[in-house]
Amino acid sequence: MAKVMIIGAGGVSNVVVHKCAQNADVFEEILLASRTKSKCDAIKESVKNTKSKITTAQVNADNTEELVKLINEFKPELVINVALPYQDLTIMDACLETGVHYLDTANYEPPEVPKFEYKWQWAYKEKFEKAGLTAVLGSGFDPGVTGVFCAYAQKHYFDEIDYIDILDANGGDHGYPFATNFNPEINIREITANGRYYKNGEWLETQPLEFKREFTFDQIGEKDMYLLYHEELESLSKNIEGVKQIRFWMTFSQNYINHLTVLQNVGMTSIEPINFEGKMIQPLQFLKAVLPDPASLGPRTKGKTNIGCIIRGRKDGQEKKYYVYNVCDHQEAYSEVGSQAISYTTGVPAMIGAMMILKGLWKKPGVYNVEEFDPDPFMDELNKQGLPWQVDFSPVIPE
Ligand code: NDP
């Protein structure tokens, strides 16, 4: 039984709070703190029938001193960071200062340069080791479950892993001409950046959305998917020993790409500040303000997501293929916790990662990515907590 502090009150936080509250034997007390306290209160109100004690607070997570004060008042064992990637370092600093474990779902990003690199957070390894504290990075779905899937394959099915393809399909339809399923700023930054993948010890770059493949996803059907850079490629290329190639694919409809192309062509996806009537604004942040709030998509979204890893390599001298994936239904997720599948598939693994730390199963001083821990108890919890996984031993390979 433990006390946790959850920072951020968006779509993912809503799921984390609901799932922690469903596991009140582990998460006895929850402090939900974010920039806008009314959003914390609304999440708290929406949680019914729980034995967890939930309180709320206002905090600016860009400010380490404010965080330290709040952490010292509440004295949690762990901070779950589901604010934005910009707050990762200030929150890690506050955890170090107060002696509290740390977990997040997205790597630190400086606001002015979209980088998707772990170097800033990995640099905290020694500090966490010395403090005897555990920091778990990227415990969402991708990064997160995808890393655990790879660790599980390595532990049980392969002597050597050669190739990993991570496939992320969203077959959901929200009925709007254009909207992003999670924070639009982060989503658009990811898609408009050059593609990149790992091959034979090198990083190969592509133009944005240059590589396209068709793939038939279980329970969704045929979709176009595009090669993107995604942050788990960096940690998996280090942590899956001997891997030759890792690629990440995400599905987008032609309609989504058409809208994005126009927005890009007119400069609306830029993060370069511009002077608008005497005020400096970032076009991408302005765009975020006019797009539908991802949280509002929940009740409207129908269909499923399918995210998983196709892994190829060898076991006992034999060539092996292994595809492990989860299918999540937007409407089922919404009826359970009031958020669609994108937030659900991120929030459930964040809760499970937190549970792993609190139960002592994933506790080791330092800063780690999820694939560096024992995958078995995490995989068991996925099946129990709403994200069951399936396996195909003869998948089609996206050549
Ligand atoms: P939202 O934008 O819906 O929510 C972010 C929340 O953080 C908001 O409540 C916001 O406050 C709060 N926040 C922002 N800045 C601060 C600050 N300075 N101090 C305190 N609170 C702050 O995002 P999501 O819920 O969709 O995503 C949350 C995280 O999950 C992001 O880091 C995202 O990158 C990550 N993610 C990871 C995925 C994975 O699979 N690994 C997939 C999807 C998302 P306010 O309400 O005032 O704006």
Side-chain angles (χ1 to χ4, degrees), residues 5-18 31-43 56-67 70 79-91 94 103-109 111 114 116 118 121 136-149 166 168 170 179-190 228 230-233 235 248 250 285 288-289 291-298 305 307-308 326 328 333 337-353 369-370 387:
M5 175 163 152
I6 299 170
I7 303 180
V12 175
S13 168
N14 177 57
V15 178
V16 177
V17 175
H18 275 86
L31 171 62
L32 174 58
S34 189
R35 185 165 56 191
T36 314
K37 186 172 175 286
S38 57
K39 291 196 186 173
C40 302
D41 294 333
I43 293 176
T56 61
Q58 198 278 329
V59 77
N60 174 9
D62 291 321
N63 184 324
T64 304
E65 259 176 54
E66 262 188 47
L67 288 165
L70 193 60
V79 168
I80 303 174
N81 167 17
V82 278
L84 295 178
Y86 315 125
Q87 281 86 48
D88 289 2
L89 300 186
T90 44
I91 299 176
L103 176 136
D104 67 28
T105 65
N107 67 10
Y108 171 71
E109 251 193 89
F116 303 107
Y118 277 112
Q121 291 184 277
V136 175
L137 307 184
S139 190
F141 206 104
D142 43 345
V145 176
T146 51
V148 175
F149 281 168
I166 302 169
D168 179 331
N170 182 7
T180 62
N181 286 298
F182 67 100
N183 188 290
E185 203 181 324
I186 308 289
N187 194 194
I188 291 173
R189 276 183 177 210
E190 247 174 21
L228 299 186
H230 221 240
E231 64 193 57
E232 65 263 50
L233 302 192
S235 69
F248 181 95
M250 194 178 266
Q285 276 183 357
K288 179 186 168 189
L291 286 175
D293 177 357
S296 71
L297 302 179
T305 60
I307 317 173
N326 161 262
C328 185
V337 298
S339 291
Q340 31 78 345
I342 308 291
S343 301
Y344 191 86
T345 53
T346 310
V348 172
M351 180 281 290
I352 297 175
N369 295 88
V370 291
L387 294 177

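Read the numbers this way: they start at 1 and go in the same order the structure lists the ligands and their atoms. Here the structure is a predicted model, which is why all the values come from computation and not from measurement.
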*asked:* Ignoring hydrogens and geometry beyond distance, is a side-chain donor-acceptor pair present between N81 and D88 at under 3.5 Å?
replied: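 Yes.
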*Just checking, any donor-acceptor pair under 3.5 angstrom between side chains of Q121 and D104?*
yes
Could you work out, for [atom], the closest of [options] by heavy-atom distance?
{"atom": "atom 28 (C) of ligand 1", "options": "A83, G10, G147", "result": "A83"}
{"atom": "atom 8 (C) of ligand 1", "options": "S13, S38, A9", "result": "A9"}
{"atom": "atom 33 (C) of ligand 1", "options": "S339, S343, A106, G140", "result": "A106"}
{"atom": "atom 24 (P) of ligand 1", "options": "V12, V370, D62", "result": "V12"}

Considering only heavy atoms, does [X] approach ligand 1 within less than 4.0 Å through its side chain, its backbone, both, or neither?
{"X": "K39", "result": "side chain"}
{"X": "V59", "result": "backbone"}
{"X": "P143", "result": "both"}

Any N or O on [X] sitting closer than 3.5 Å to an N or O of ligand 1?
{"X": "F141", "answer": "yes"}
{"X": "I7", "answer": "no"}
{"X": "T105", "answer": "yes"}
{"X": "A61", "answer": "yes"}
{"X": "V82", "answer": "no"}
{"X": "G8", "answer": "no"}

_Counting neighbours of CD on Q58 that are heavy atoms of other residues, nucleotides or ligands and sit closer than 6.0 Å, is the number greater than 12?_
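For Q58, atom CD is crowded (more than 12 foreign heavy atoms under 6.0 Å).
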*Please test N170 against I342 for side chain to side chain contact (heavy atoms under 4.5 Å, CB included), starting from the C-alpha separation and ending with a verdict.*
CA-CA 8 Å; N170 182 7; I342 308 291; 3.6 Å; yes
*asked:* So if I apply the side-chain hydrogen bond (donor to acceptor under 3.5 Å, both in side chains) rule between S339 and each of T345, N14, T346, which one comes out positive?
replied: N14
*asked:* Would T56 and L31 count as a side chain to side chain contact (heavy atoms under 4.5 Å, CB included) here? Give the steps.
replied: CA-CA 5 Å; T56 61; L31 171 62; 5.5 Å; no
Under 4.0 Å from a heavy atom of [X]: which atoms of ligand 1 are those, numbered in the order shown and with their elements?
{"X": "P85", "value": "32 (O), 34 (O)"}
{"X": "N60", "value": "17 (C), 18 (N), 19 (N)"}
{"X": "T36", "value": "45 (P), 46 (O), 47 (O)"}
{"X": "G11", "value": "3 (O), 25 (O)"}

*Give the ring-plane orientation class for F248 versus H230, where under 30° counts as parallel, over 60° as perpendicular and anything between as tilted.*
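Rings of F248 and H230: parallel, under 30°.
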Closest heavy-atom pair and its distance - [X], [Y]:
{"X": "T90", "Y": "D62", "value": "CG2-O, 3.2 Å"}
{"X": "A341", "Y": "T305", "value": "CB-CG2, 3.8 Å"}
{"X": "P85", "Y": "A106", "value": "CG-CB, 4.0 Å"}

*Tell me, please: is G138 in heavy-atom contact with ligand 1, that is, under 4.0 Å?*
no
*Assess G144 for proximity to ligand 1: is some non-hydrogen atom of it under 4.0 Å away?*
no
*For I6 and V17, what are the C-alpha separation, side-chain angles and deciding distance, and is it a side chain to side chain contact (heavy atoms under 4.5 Å, CB included)?*
CA-CA 8 Å; I6 299 170; V17 175; 3.8 Å; yes
*Taking it one step at a time, do I307 and N326 satisfy side chain to side chain contact (heavy atoms under 4.5 Å, CB included)?*
CA-CA 6 Å; I307 317 173; N326 161 262; 5.9 Å; no
